Amino acid sequence: MTRSFQTRIDAEQKIEPKDWMPEKYRQTLIRQISQHAHSEVIGEQPEGNWITRAPSLERKAILLAKVQDEAGHGLYLYAAAETLGITREELIDRLHTGASKYASIFNYPSLTWADVGAIGWLVDSAAIVNQVSLQNTSYGPYARAMVRICKEESFHQRQGYNIMMTLMQGNEQQRAMAQDALDRWWWPSLMMFGPHDGESAHSAQSMKWKIKRRSNDDLRQQYVDQAVQQALAIGLKVPDPALAWNEERGHYDFGDIDWEEFERVIKGNGPCNRQRLAHHVEAHAEGVWVREAMACYDKKRRSRRHDAA
Amino acid sequence: MTVNEAVKTYCLRLGDDALILGHRLSEWTSRAPFLEEDIALTNVALDFVGRARLFYQYAAELSGGDATEDTFAYTRDVREFSNLLICELPRGDFAFTIVRQFLFDSLALLFMEKLKHSDDSRLAGIAAKAEKEATYHVRRGREWMLRLGDGTNESHSRAQKAVDELWGYTNEMFEVDALAATLIEAGIAVDTEALRAPWFESVSEVLTEATLTVPDTDWAVEGGRRGIHTDDLGFLLAELQFMQRAYPGLRW
């Protein structure tokens with residue numbers, strides 16, 4: 001069975017929820033899809049905290065729509081994870097106990113309005129690079145969710161970049177605000193692609209199963225090439241002294257990521273880890289009575305209908 | 001006051017209601033009881049911000065000069081805001097938010113159905129769009145009222161408490177002052193006094209179905225239309241207007 005499964009994978013056939021799959025394949029997907037879903041949901045916070053302070057009504061409306069989209073992505077992804085035989089409640093429980101992770105970049109604070117631009121531009125760009133490659137992932141529901149999500153993300157990316165561009169066309173204070181945001185978000189955005197290929201714990205098997213289609217370093221390079229050009233186009237300086245165009249490779253060379261910082265934040269020592277999780281735990285706990293009321297009302301309604309019949 | 005000035009003031013009232021209530025709704029983003037509801041509340045917040053923009057844009061046109069929608073949202077202080085008090089009360093628990101929306105939206109729907117026929121074609125156009133949204137808001141509100149009122153003991157008591165706490169703020173929604181009276185006379189504004197009975201009827205029906213008690217009380221607070229607000233509005237504006245106050249006159 002394992003062999004015929006791999007044969008299907010090799011033939012680029014999609015695996016569907018009712019198909020047989022190795023238990024490790026299932027668990028790997030649950031881990032990856034739920035981490036992705038949690039990232040969308042936790043990602044509501046750093047941007048969401050600027051909804052009430054957005055500098056114009058148009059920006060407010062765009063940001064509301066964006067954050068609503070992110071929550072919607074979380075919803076598709078939870079639904080995709082649920083096709084693997086796990087409930088949303090279990091997934092949320094794993095998030096709250098720390099058994100399941102979310103993108104570490106959301107553990108950084110969004111201190112100024114420019115951060116909303118930087119998140120939309122950089123974080124969504126990085127997400128797109130990764131997610132475009134996942135449109136061909138071997139698990140059908142995940143691949144289809146990625147197709148839908150990518151369309152919306154590219155819209156968000158343009159909106160984020162537009163915020164940065166507007167700031168760069170503004171006064172000195174605004175340009176400094178934009179540069180400061182890039183300085184703070186640049187390296188964390190590179191970390192979004194994970195460890196170097198050689199050190200990535202799950203990469204080899206995931207590539208074999210075609211859950212993952214391109215390597216971390218490969219995706220990171222594509223992102224850097226693209227983001228550096230965009231930064232230059234609006235007069236921003238990428239905070240990396242080692243950054244240089246390499247004619248021979250046809251790519252930008254860039255400095256090494258501070259992997260200690262990466263580990264530190266993943267392990268819970270980023271500026272906002274505690275707040276991000278506590279915020280979600282608190283909202284979920286405050287919602288208990290509402291979810292109970294819904295369940296109770298539905299039950300009453302069903303039994304009334306039953307009595308009437 | 002010219003008719004244009006009166007219509008502008010009227011637009012600002014309706015825009016302020018929508019902006020301030022939309023702000024309170026937007027405070028729920030990432031804090032709702034579950035993800036589907038997070039999306040729904042954010043979506044309704046977006047409807048209200050959109051409605052505010054349409055009224056403010058029209059007010060800006062009527063003002064002439066450099067005024068834009070943002071001038072009204074970001075550079076006026078508490079005394080110049082004319083929203084109804086019910087819109088500015090802090091978001092409270094989920095029951096408070098749902099009940100407030102239900103009470104407000106039930107009137108908004110009746111109101112927009114009338115404003116759609118205003119002799120002022122711009123107001124009529126805005127109302128036609130708002131009516132569609134309000135239809136959805138009221139349907140959603142009714143479903144929630146039933147679930148909360150007729151759900152668990154806890155949800156019932158939270159919903160009843162919210163109804164009781166909000167009831168005295170509903171009277172102001174129907175009051176017709178001199179400015180509104182002039183515009184009603186001119187066929188431009190909606191006679192909200194005339195909507196009091198149909199509103200009461202439809203709201204009572206849902207409350208009763210939800211096993212909630214319609215308050216029998218005569219407390220009634222007013223002041224919003226005259227710029228007399230609760231203490232909460234100043235803090236709301238401090239947050240909403242932070243960027244324009246800290247960095248005046250810039251484009252974002």
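Naming convention: chains lettered A, B, ... in sequence-line order (proteins, then strands); numbering from 1 in each chain. Computed from a predicted structure; not experimentally measured.
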Trainee: Please look at B/Ala73 and chain A and tell me whether the side chain, the backbone, both or neither of the residue comes under 4.5 angstrom of a heavy atom of that chain.
Mentor: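 Just the side chain, heavy atoms under 4.5 Å.
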Trainee: Looking at every non-hydrogen atom in both residues, tell me the closest pair between A/Ala61 and B/Arg53 and how far apart they are.
Mentor: CB-NH1, 4.0 Å
Trainee: What heavy-atom pair brings B/Leu35 and A/Glu44 nearest, and what distance separates the two atoms?
Mentor: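 Nearest pair, atom of B/Leu35 first, then A/Glu44: CD1-OE2, 4.1 Å.
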Trainee: Could you tell me which portion of A/Leu57 (side chain, backbone, both or neither) has an atom closer than 4.5 angstrom to a non-hydrogen atom of chain B?
Mentor: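 For A/Leu57, heavy atoms of backbone and side chain both lie under 4.5 Å from chain B.
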Trainee: Could you go through the side-chain contact (heavy atoms from CB on, under 4.5 Å) check for A/Met294 and B/Phe34 one step at a time?
Mentor: CA-CA 11 Å; A/Met294 272 172 57; B/Phe34 52 97; 3.4 Å; yes
Trainee: Which heavy atom in A/Arg53 sits nearest to a heavy atom in B/Met243, and how many Å separate them?
Mentor: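 Nearest pair, atom of A/Arg53 first, then B/Met243: O-CG, 3.4 Å.
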Trainee: Pick one of side chain, backbone, both or neither for A/Arg88, based on which atoms fall under 4.5 Å of a heavy atom in chain B.
Mentor: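 Only the side chain of A/Arg88 comes within 4.5 Å of chain B.
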Trainee: Would you kindly say whether A/Thr52 and B/Glu239 are connected by a side-chain donor-acceptor distance under 3.5 Å?
Mentor: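 Distance-only check passes for A/Thr52 and B/Glu239.
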Trainee: Name the region of B/Leu19, side chain, backbone, both or neither, that has any atom closer than 4.5 Å to a heavy atom of chain A.
Mentor: side chain
Trainee: Quick one, A/Gln174 and B/Tyr247 - any side-chain contact, counting heavy atoms below 4.5 Å?
Mentor: no
Trainee: Would you mind telling me which of B/Arg31, B/Glu27, B/Arg158 has the largest number of heavy-atom pairs within less than 4.5 Å of chain A?
Mentor: B/Arg158
Trainee: Which bit of B/Ala95 is near chain A, if near means a heavy-atom gap under 4.5 Å: side chain, backbone, both or neither?
Mentor: both
Trainee: Please state whether the side chain, the backbone, both or neither of A/Glu70 comes within less than 4.5 Å of a heavy atom of chain B.
Mentor: neither
Trainee: Let me confirm one number: the SG-CZ distance from A/Cys296 to B/Arg147, rounded to the nearest 0.5 Å.
Mentor: 12.5 Å
Trainee: Measure A/Met164 against the heavy atoms of chain B and call it side chain, backbone, both or neither at under 4.5 Å.
Mentor: neither
Trainee: Would you confirm whether A/Lys60, through its side chain, and B/Val49, through its main-chain N or O, come within 3.5 Å as a donor-acceptor pair?
Mentor: no
Trainee: Checking A/Val288 against chain B: side chain, backbone, both or neither under 4.5 Å from a heavy atom?
Mentor: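 Neither part, no heavy atoms under 4.5 Å.
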Trainee: With a 4.5 angstrom heavy-atom cut-off, which part of B/Trp144 approaches chain A: side chain, backbone, both or neither?
Mentor: side chain
Trainee: Select one option (side chain, backbone, both, neither) describing which atoms of A/Gln68 are under 4.5 Å from chain B's heavy atoms.
Mentor: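 Interface part for A/Gln68: both.
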Trainee: Considering all heavy atoms of both residues, which atom of B/Ser30 and which atom of A/His279 are nearest to each other, and what is their separation?
Mentor: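 Taking B/Ser30 first and A/His279 second, the nearest heavy atoms are OG-NE2, 2.8 Å.
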Trainee: Where on A/Glu58 is there a heavy atom nearer than 4.5 Å to chain B: the side chain, the backbone, both, or neither?
Mentor: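 Its backbone and side chain both get close to chain B.
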Trainee: Between B/Thr29 and A/Ile51, what is the shortest heavy-atom contact and its length?
Mentor: CG2-CD1, 3.9 Å
Trainee: Closest approach of A/Arg59 and B/Trp252, non-hydrogen atoms and distance?
Mentor: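 Scanning both residues completely, I find the closest heavy atoms to be NE-O, 2.7 Å.
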Trainee: Is a donor on one side and an acceptor on the other found under 3.5 Å between the side chain of A/Arg291 and the backbone of B/Pro33?
Mentor: yes
Trainee: Would you please classify the geometry between the A/Trp289 ring and the B/Phe94 ring as parallel, tilted or perpendicular, with 30° and 60° separating the classes?
Mentor: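 It falls in the perpendicular class, over 60°.
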Trainee: What's the spacing between B/Leu250 CG and A/Asn171 CG if we round to 0.5 Å?
Mentor: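 Interatomic distance, B/Leu250 CG to A/Asn171 CG, rounded to 0.5 Å: 5.0 Å.
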Trainee: Is there a donor-acceptor pair under 3.5 Å between the side chain of A/Gln169 and the backbone N or O of B/Arg251?
Mentor: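 Side chain of A/Gln169 to backbone of B/Arg251: no pair is present.
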